[in-house]
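Okay, so here's the structure we're looking at.
In what follows, chains are A, B, ... by sequence order, proteins preceding strands, each numbered from 1.
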Amino acid sequence: MEYNFSAIEKKWQKHWNETKAYQVKNESDKPKYYVLDMFPYPSGSGLHVGHPLGYIASDIFARYKRLKGFNVLHPMGYDAFGLPAEQYAIDHGIHPAVSTEKNINTYRNQLDNIGFSFDWDREIRTCEPGYYKWTQWIFLQLFNSYYDRNEKKAKPVQHLIAAFEKEGNQQHVCPANNQLSFTAGEWKSKSEKEQLSILMDYRLAYCGYGEVNWCEALGTVLANDEVINGVSERGGFPVVKKKLRQWYLRITEYADRLLTGLEKVDFSEALKEMQSNWIGKSYGAEVDFAINETQETLRVYTTRPDTIFGVDFMVVAPEHELIAKITTAEQKTAVDDYIAYVKSRSERERMAEKKITGVFTGAYAVNPFSKKLIPIWISEYVLAGYGTGAIMAVPCGDERDFKFAQHFDIPVTNIIGDAFNGEEANPTKDAVLQQSDFLNGMVMRDAIEVAAQKIEDAGIGTRKVNFKMRDAAFSRQRYWGEPIPVKWKNGSAYALNESELPLTLPHIESYKPGPEGEGPLANVPEWVAQELETNTMPGYAGSSWYFLRYMDPHNNETFCDRKVSDYWGQVDLYVGGTEHAVGHLLYSRMWTKALFDLGHIGFDEPYKRLVNQGKIGGDSRLVYRVRGTNEFVSFGLKEQYETDEIHVDVNIVRGTELDTEAFKKSKPDFANATFVLEDGKYICGTRLEKMSKRYFNVVNPDDLVARYGADTFRMYEMFLGPVEQDKPWDTKGIEGVHRFLKKLWRLFYDEQKGKVWTNETPTDQEYKIIYKAIKKIEEDIERFSLNTVVSGLMVCVNELTDAKCSKKEILEKLLIALSPYAPHAAEELWSLLENKSSVLEASFPEVEEKYLIESEKEYPVSVNGKTRTTMMLSLDATQEEVEKLALANDVVQKWLEGKSPKKIIYVKGRMINVVV
RNA sequence: GCCCAGAUGGCGGAAUUGGUAGACGCGUCAGACUCAAAAUCUGGUUCUCGCAAGGGAGUGCAGGUUCGAUUCCUGUUCUGGGCACCA
């Protein structure tokens, strides 16, 4: 009887399926535990070996929790809306619904291969009307709500309207415009359109205008990563910024709660820090500077009002509206040229740029205290979206300001004396201020407050808490997403009624963008005739609340029954990649808070504990396109051209040599590609980077499962290293894990002798082996160290083999501990041990400590910190005994060289160190 | 540019609280079984000097704290990730 993994795995997968072994009920006497994976976007390339890493880890944990007596919810589904399916439709004319369905089926087959314990009766797909009906419903909840700053929670807009009718907006500062003020009478006298426009500035889901990457040649809006060096990835056409009407979520109202909420969740410190940096809370002041010889003022935001006497110039963002008004005639051409240059650049390029660029407007601001004239410059390093889009530059204290001043020969005022060396800026807060009028002699840290107060007293500014976080853009000019349930009448947006949901996505044949940058829905006559919104929701809409739908996936009355969400509550363990650290996690935290505020659920943080799985690295292949052409140059010759690098599918590359014919067929854009070869070959560049569909460097798990079995594959993925850590994929080592399972099998059945397991009573030594292993396995899994669990299992099998132990009582414990990792082999052997029930129903073994008690230990003995020998000592040896024995030791004597020791350090159970 | 993470043998990694660096596995070398191969088993395998016994060095790099540092501190280099329309 040998280890026939493929027969065993098929047999048990069928059995578990037929017996609904993984079905979970919403009622139970057992304590609940919710284990969730970040669900996949079903890409056309299928699952690669990087995807299941987290799924396997969470599956192991879910199975382990079940063995520990929990009612475990462990669902899976698909984040099925998204850009790639739409791009595929544009390239191949296949409807996204069709390709998505096909991709999901591929994913499902691949997942089933690996033997997960998902309750598939709870599967969800974000692109199905039965699901997105509720995504739209939640959107309406947000649309029909505002954030009450007094109560610090979301409330229905009816409350707001009632307040407006009673007292105007005195109690409710408008988040979009804090200057806005009206009385009850004024409110009532406004037209419906005016009222709706005001309400829009309060809603949690609102419509506004924002800049997008607009590509005229493609007639469409592009994602940041579809833009390379200011041209489109497809076709290499110019891309410029364009203002478009957009939907937004007013996530900024939740900034403080998103920040403080981090204190009550178990995320890694690194991840919390990423989120708080994203939120970017800063304390500072807005200060108005008069502009010389005009009536205009320039408002800047600064976190360092204490440096106001060190301001040597102003910098405004190239988008700043004052530029047109203040630029002098002689500077106009230079300014226009510079603005045209900036328009071609992405925000990321602008922030990353090391080269200093800028232009002088010709205008001067006036320092409100010193009355000094300050030149106003324009530079791309100041972003329009942050603060007021203008800064006061203090070169002696800010590195970027200092470099700018050097580059443009602007004289630098030193307000911190010796703390500034003239060579580089010093951003300290601890220097003593000089040349600073009323701040002279003060430590900067204290002067911040004094300056802020003075600014407020003088009526030229106010203290201001700023957030780097901006409201989340919530619309896409695309087809394959949730339709936004809104109608436009007379230029006002009206929400659909709940009864009109779902607003289903119409079937279309052409995926071309609509007129003026609108989405494809603008080309659908019936859609436009109903005055429906033509934007769709972004990729993160469906994923912002999916963890709730799994609890109650078939409910047609509500998104999730309150009783059910009260039972399951928060996700106890959430596993997924760090790439979602800020986007998805912040959005779903915000949605959860809003749903909580409105009373739909009973908790305001979705995920109690989060584990970030590392990425499995892939080995990518690159080709080099000569800029603005369709000519591709081989790796060794690329330096002779100006090129853009493009990833190419590793499957059409042999080693590093590109199959040029296959390349031409891979995309319509490449059909007419030409090549510059070296030695008759096109050689690709290589790069180790994450394994991802976008890099075309995926390795498929199916082949490995076919060859070694799911159990081997599962264990090998875990054995690669810590789940949280990034690591390169290498198939080589998988043999070792496969050998382990065969070795385990031989404890039960021998190739020659057949059955070797017995019902004999184990010895103390054998108990010790198994309990030592169980203890390690349990400790390691609790801290999510699954690679060391696998090695623990290996050590256990090695030791049992050496001890020739094949006793049923020992082997059963081993199988239970193994079952989360290698469920099929464990179940087969479990039944071969003549167990009637499934190993899934077993209980995790309790460790009997009495077998683990040791009386002595081999201590390392070091002299001056270097280990020289070891000594076997009783564990309750005293300091005196140890000193005597250590000094009597030959090796210690040798290293003492006749000298007497200064001190002998003895740490019980650890080590002995003789200090000379 | 800003933010985050990481760096240990030929390779993936282990060392949980500052206490025997290299568990476990891959690869590799030698041997057993075999007509042979596969499979399996046994033993060696950080580098270096040495016939050996036994030394010396060693956790990216440079310092520091300590009886003792992969672990703590300061500085630094490199690699990977995120930066708002990829998901």
Side-chain angles (χ1 to χ4, degrees), chain A residues 38 40-41 43 79 81-84 87 210 212-213 221-227 246 268-271 273-274 276-278 280 347-354 381 385 399-400 468-473 475-478 538-540 543 577-584 586-587 612 614-615 617 688-690 692-694 716 719-722 724-730 732-737 739-740 742-743 746 751 779-780 783 785 787-788 790-795 798 858-870 902-905 907 909-916:
Chain A
M38 289 185 187
Y41 173 80
S43 82
D79 190 13
F81 274 133
L83 208 51
Q87 191 54 46
V212 294
N213 297 314
V221 174
L222 298 175
N224 279 340
D225 68 318
E226 292 177 299
V227 184
Q246 301 276 13
S268 69
E269 284 309 311
L271 189 119
E273 201 165 326
M274 262 198 242
S276 47
N277 285 337
W278 177 272
E347 199 165 286
R348 198 177 308 170
E349 283 169 342
R350 285 173 55 177
M351 283 189 290
E353 184 59 70
K354 286 185 186 168
Y381 77 87
E399 195 53 40
R400 232 167 4 172
K468 200 156 74 202
M469 181 165 72
R470 309 201 285 259
D471 279 340
S475 51
R476 302 292 182 260
Q477 291 68 45
R478 300 287 181 175
Y540 63 83
S543 61
T578 0
E579 63 271 31
H580 302 284
V582 281
H584 159 65
L586 276 179
Y587 300 134
N612 281 122
K615 281 162 285 288
L688 277 176
E689 60 195 344
K690 74 170 177 176
S692 158
K693 54 190 184 273
R694 85 191 239 216
Y716 183 58
F719 192 57
L720 277 178
E724 297 92 334
Q725 195 174 301
D726 290 353
K727 45 206 167 270
W729 177 262
D730 183 4
K732 239 175 22 197
I734 199 169
E735 298 270 2
V737 174
R739 259 174 232 151
F740 156 76
K742 290 202 267 194
K743 191 167 181 178
R746 286 198 299 274
E751 237 176 284
E779 281 171 3
D780 285 0
R783 63 189 175 97
S785 171
N787 55 326
T788 54
V790 177
S791 72
L793 286 162
M794 286 172 169
V795 169
N798 289 345
E858 187 180 32
Y859 279 85
V861 181
S862 41
V863 178
N864 282 339
K866 276 197 189 335
T867 307
R868 296 299 178 183
T869 185
T870 59
K902 217 183 269 174
K903 191 158 66 164
I904 294 178
I905 294 160
V907 182
R910 291 283 186 196
M911 43 60 69
I912 296 156
N913 187 16
V914 181
V915 186
V916 185

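- Pairing of B/rU79, defined by two Watson-Crick or G-U wobble distances under 3.5 Å, is identified with B/rA5.
- B/rU34 and B/rA39 have their C1' atoms separated by 11 Å, given to the nearest Å.
- Checking each of A/Asn913, A/Val915, A/Val914 against A/Asn864 for a side chain to side chain contact (heavy atoms under 4.5 Å, CB included) leaves exactly one that passes, namely A/Val915.
- In this structure, B/rU17 makes no Watson-Crick or G-U wobble pair, since no nucleotide meets both defining distances under 3.5 angstrom.
- Nearest heavy-atom pair across A/Met38 and A/Gly577 is SD-N, 3.8 Å.
- Heavy-atom distances to RNA chain B give each of A/Met469 and A/Gly539 a nearest nucleotide, and the one nearer the 5′ end belongs to A/Met469.
- The minimum heavy-atom distance linking A/Lys727 with A/Pro722 is given by the pair NZ-O, 2.6 Å.
- Here A/Leu83 contributes atom CG and A/Tyr41 contributes atom OH; the two are 7.5 Å apart, rounded to the nearest 0.5 Å.
- With a glycosidic angle further than 90° from 0, B/rG31 counts as anti.
- Partner assigned to B/rG31 is B/rC41, using Watson-Crick or G-U wobble distances below 3.5 angstrom.
- When the C1' atom of B/rA69 is taken as reference, atom CZ of A/Arg910 falls 15 Å away, rounded to whole Å.
- B/rC4 and B/rG75 have their P atoms separated by 14 Å, given to the nearest Å.
- The CG atom of A/Asn612 sits 7.5 Å away from the CE atom of A/Met274 when rounded to the nearest 0.5 Å.
- Remark: the separation of the C1' atoms in B/rA32 and B/rG19 is 41 Å, to the nearest Å.
- Atom CZ of A/Arg739 and atom CE of A/Met794 lie 10.0 Å apart (nearest 0.5 Å).
- Of the possible donor and acceptor atoms, one in the side chain of A/Tyr859 sits under 3.5 Å from a partner among the backbone N and O of A/Gly909.
- Pairing for B/rC24 goes to B/rG12, judged as Watson-Crick or G-U wobble with the two contacts each under 3.5 Å.
- Atom P of nucleotide B/rC83 and atom CH2 of A/Trp278 are separated by 7 Å, given to the nearest angstrom.
- In this structure, A/Leu793 atom CG and B/rG25 atom P are separated by 12 Å, rounded to whole Å.
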Q: Do nucleotides 4-15 of chain B as a string where each nucleotide becomes B, S or -: B if the base has a protein heavy atom under 4.0 Å, S if just the sugar-phosphate does, - if no protein is that close.
A: SS------BSSS
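- Not counting sequence neighbours, A/Phe740 has no partner by the ring-ring contact (aromatic ring centres under 6.0 Å, His included) test.
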What's touching nucleotides 38-43 of chain B from the protein side, N or O pairs under 3.5 Å?
| from | atom 1 | to | atom 2 | distance (Å) |
| --- | --- | --- | --- | --- |
| B/rU40 | O3' | A/Arg746 | NH2 | 3.2 |
| B/rC41 | OP1 | A/Arg746 | NH2 | 2.8 |

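- Under the side-chain hydrogen bond (donor to acceptor under 3.5 Å, both in side chains) criterion, A/Asn798 pairs with A/Lys743, not counting sequence neighbours.
- To the nearest angstrom, C1' of B/rG19 lies 12 Å from OH of A/Tyr859.
- Distances shorter than 4.0 Å separate some side-chain N or O of A/Arg868 from OP1 or OP2 on B/rG56.
- Taking atom C1' on both B/rG43 and B/rU48, the two are 23 Å apart, rounded to the nearest angstrom.
- Distance, A/Leu83 CG to B/rC85 C1': 7 Å, rounded to whole Å.
- Between A/Thr867 and B/rG68 there is no side-chain polar atom (N or O) within less than 4.0 angstrom of OP1 or OP2.
- Contact check for A/Trp278 versus A/Met469: side-chain heavy atoms found under the 4.5 Å cut-off.
- Toward the 5' end of RNA chain B, the nearer of the two residues A/Lys866 and A/Phe81, judged by each one's closest nucleotide, is A/Lys866.
- Comparing the same atom, C1', in B/rA52 and in B/rC61 gives a spacing of 37 Å after rounding to whole Å.
- Annotation: B/rA15 and B/rA21 have their C1' atoms spaced 7 Å apart (nearest Å).
- With both pairing distances under 3.5 Å, B/rA87 is matched to nothing as a Watson-Crick or G-U wobble pair.
- Across the protein-nucleic acid pair, A/Phe740 atom CZ and B/rA23 atom P stand 18 Å apart, rounded to whole Å.
- Base contact: A/Gln246 has a heavy atom under 4.0 Å from a base atom.
- Side-chain atoms of A/Thr867 never come within 3.5 Å of backbone atoms of A/Val861 as a donor-acceptor pair (strictly under, hydrogens ignored).
- When the P atom is compared between B/rA62 and B/rU8, the two are found 16 Å apart, to the nearest whole Å.
- Rounded to whole Å, the C1' atom of B/rG22 lies 9 Å from the corresponding atom of B/rG13.
- A/Ser862 approaches A/Gly865 most closely through the heavy-atom pair CB-C, 3.8 Å.
- Nucleic acid contact class of A/Gly583 (heavy atoms, under 4.0 Å, all strands): none.
- When heavy atoms are screened at a 4.0 angstrom cut-off, A/Ser543 is found touching no nucleic acid atom at all.
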Dump every N/O contact between nucleotides 63-67 of chain B and the protein below 3.5 Å, one line per pair.
| from | atom 1 | to | atom 2 | distance (Å) |
| --- | --- | --- | --- | --- |
| B/rC67 | O2' | A/Asn913 | ND2 | 3.4 |
| B/rC67 | O2 | A/Asn913 | ND2 | 2.5 |

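- For A/Arg400, counting side-chain heavy atoms from C-beta on, the closest listed nucleotide (B/rG1, B/rC85, B/rA84) is B/rG1.
- B/rA57: Watson-Crick or G-U partner is B/rU46, with both key distances under 3.5 Å.
- Partners of A/Thr788 under the side-chain hydrogen bond (donor to acceptor under 3.5 Å, both in side chains) rule, at least two apart in sequence or in another chain, are A/Asp780, A/Ser785.
- To the nearest 0.5 Å, atom CD of residue A/Gln725 and atom CG of residue A/Leu720 are 10.5 Å apart.
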